[in-house]
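Some notes on the structure that comes next.
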Amino acid sequence: MATTGLQHVAAMYAGVVAPPLIVGAAVGLSGTELTFLTGACLFTAGLATLLQTLGIWKIGARLPFVNGVTFAGVAPMTAIVASADDRSDALPLVFGAVIVAGLLGFLAAPVFCKAVRFFPPVVTGTVITLIGISLLPVAFGWAQGPDTTADDYGSPTNLGLAAVTLVIVLLLRRFTRGFVKQIAVLLGLVAGTLLAVPFGVTDFGPVADADLVGFPTPFHFGAPQFQAAAIVSMCVVMVVSMTESTADMLALGEIVGRPADEKTIAAGLRADTLGSALSPVFNGFMCSAFAQNIGLVAMTRVRSRFVVAVGGGFLVLLGLCPAAASLIAVVPRPVLGGAGVVLFGSVAASGIQTLVRAGLDKDNNVLIVAVSLAVGIVPISAPEFYHAFPETARIILDSGISTGCVAAVLLNLVFNHIGKGRQARDVTHPMEAGEEITGASRAPATP
């Protein structure tokens with residue numbers, strides 16, 4: 001049970017620590033503060049996983065379901081950080097928006113599980129693709145170095161370290177099997193860091209300064225602040241997160257032989273949203289399902305929710321050990337950039353896989369995807385496109401995920417639900433999909 005639980009931690013560890021690294025770098029946190037933020041996200045991911053697997057009352061799907069920081073919130077959170085007049089207020093603004101979005105999502109869970117038909121694969125696939133595309137520039141920035149004003153920014157050494165790390169991850173994924181293959185990204189980070197030592201770009205200071213035992217002090221970065229535009233932006237992310245979690249529960253239910261009904265989905269969404277609302281108290285971010293762990297359940301055929309609960313316990317322990325959390329702060333940015341290409345590119349690829357099942361042979365769906373992707377890519381390809389809009393509006397508009405999601409939902413309603421478009425609708429409710437996944441009879445809306 002312990003080793004299999006650790007395997008779940010290894011499979012999702014890189015995904016948990018990446019968001020605090022991105023957001024922390026955007027805020028300009030020191031190595032010590034970045035270590036604290038990373039540990040807090042590990043701690044809150046463990047709490048959310050325990051809540052989801054063990055459950056209390058009508059909260060928790062009670063499936064082998066791993067929860068952690070969602071990638072969907074990274075781009076909107078960095079937009080909130082960029083809009084803050086004072087960087088010391090940036091994280092409190094993020095935390096306040098996540099708390100409100102989590103509480104609203106908790107109240108909406110029983111209704112949302114019935115309204116999920118408005119978020120078919122053509123919508124969720126578009127949004128997941130945008131998440132990956134929006135994060136790739138972060139990886140490219142990391143590959144060049146930590147400081148844009150430094151002389152070695154974009155140097156052949158930095159880009160070379162990123163490229164070598166990328167190659168190591170690809171080789172491990174290609175020529176290894178089982179557990180080693182699952183932790184290829186983690187091993188790539190370790191190898192890249194060791195290779196970077198002779199070049200003098202590895203800083204072991206955070207480890208030396210970290211305590212062996214610590215606790216994520218509530219509201220360490222300040223009391224939460226509430227700003228309307230930031231709240232709206234994170235509410236959009238919450239809708240995306242709940243849609244993805246619903247699809248993941250459908251897939252996982254089939255894999256473990258316990259199909260998820262509306263009651264199970266509602267309970268699972270309550271755990272997701274309550275975990276997200278509580279997470280900022282301990283300085284964490286919005287939590288959602290980790291799809292890679294669903295693949296791990298299917299591969300190992302270990303279907304016990306208590307095994308995953310043990311993994312959640314390990315995450316809590318890691319969060320209470322700053323020395324362990326500080327190890328990720330040692331990894332040079334170029335090395336993170338190389339691994340980030342795989343990590344973020346895989347997110348975009350997952351969205352494309354979902355779009356393949358979305359019925360793109362129909363003109364209506366092609367238009368939905370085309371326009372939504374175009375709207376979502378605007379902030380990436382033309383960062384100053386909305387420069388003339390008010391600052392509060394730009395928090396939402398500068399997030400390609402938020403704008404792309406809104407566009408996809410509205411276009412799907414117009415083309416597939418309203419008037420004649422309803423008759424021509426070609427995308428089924430996710431719970432009615434008929435494709436197979438690892439021997440199951442129904443397919444999830446997202447991988």
Side-chain angles (χ1 to χ4, degrees), residues 7 9-26 29 31 34-35 38 42 71 74 78 131-208 210 292 295-296 323-350 352 380:
Q7 185 170 242
V9 173
M12 54 90 75
Y13 186 86
V16 173
V17 300
L21 283 174
I22 300 170
V23 178
L29 297 181
L34 193 60
T35 294
T38 303
L42 288 168
F71 273 110
V74 172
T78 53
I131 291 171
I133 293 173
S134 298
L135 292 175
L136 279 172
V138 174
F140 301 147
W142 282 349
Q144 297 177 80
D147 187 358
T148 57
T149 61
D151 293 336
D152 65 343
Y153 186 75
S155 67
T157 299
N158 287 346
L159 295 182
L161 286 171
V164 169
T165 303
L166 173 59
V167 170
I168 290 172
V169 173
L170 293 176
L171 290 175
L172 287 171
R173 290 291 298 178
R174 173 63 181 84
F175 295 107
T176 61
R177 299 176 62 186
F179 181 65
V180 175
K181 186 174 183 177
Q182 288 294 327
I183 61 171
V185 173
L186 194 59
L187 293 176
L189 291 174
V190 173
T193 301
L194 294 176
L195 290 173
V197 172
F199 296 97
V201 296
T202 304
D203 180 17
F204 290 96
V207 177
Q292 57 264 49
L296 192 57
S326 68
L327 292 175
I328 195 66
V330 172
V331 181
R333 291 292 169 81
V335 174
L336 280 172
V341 171
V342 177
L343 202 60
F344 305 153
S346 296
V347 177
S350 295
I352 294 171
I380 305 169

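- Atom OG1 of Thr165 sits about 6.5 Å away from atom CG of Leu161, to the nearest 0.5 Å.
- Taking CG of Leu166 as the reference point, atom CG of Leu170 lies at 4.5 Å (rounded to 0.5 Å).
- The one candidate from Asn158, Asp152, Leu159 that meets the side-chain contact (heavy atoms from CB on, under 4.5 Å) condition with Gln144 is Leu159.
- Scanning all heavy atoms of the two residues, the minimum distance from Val164 to Leu195 falls at CG1-CD1, 3.6 Å.
- Proximity of Phe140 to Val341: side-chain heavy atoms (C-beta onward) are separated by under 4.5 Å at one or more points.
- Take Ala163 and apply the side-chain contact (heavy atoms from CB on, under 4.5 Å) test, not counting sequence neighbours, and it matches no residue.
- Scored by the side-chain contact (heavy atoms from CB on, under 4.5 Å) test, Val167 finds Leu171 as partners (sequence neighbours excluded).
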Side-chain donor-acceptor pairs under 3.5 Å in residues 18-25, sequence neighbours left out?
none

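- Taking both residues in full, the closest heavy atoms of Val169 and Val342 are given as CG1-CG2, 4.0 Å, listed atom of the first, atom of the second, then distance.
- Taking Ala162 as the reference, Ala143 meet the side-chain contact (heavy atoms from CB on, under 4.5 Å) condition, with sequence neighbours excluded.
- With sequence neighbours excluded, the residues satisfying side-chain contact (heavy atoms from CB on, under 4.5 Å) with Ala191 are Ile168.
- The minimum heavy-atom distance linking Thr78 with Ala26 is given by the pair CG2-CB, 4.3 Å.
- Summarising the geometry of Gly345 relative to Leu136, their closest heavy-atom pair is N-CD2, 3.9 Å, with the distance given to 0.1 Å.
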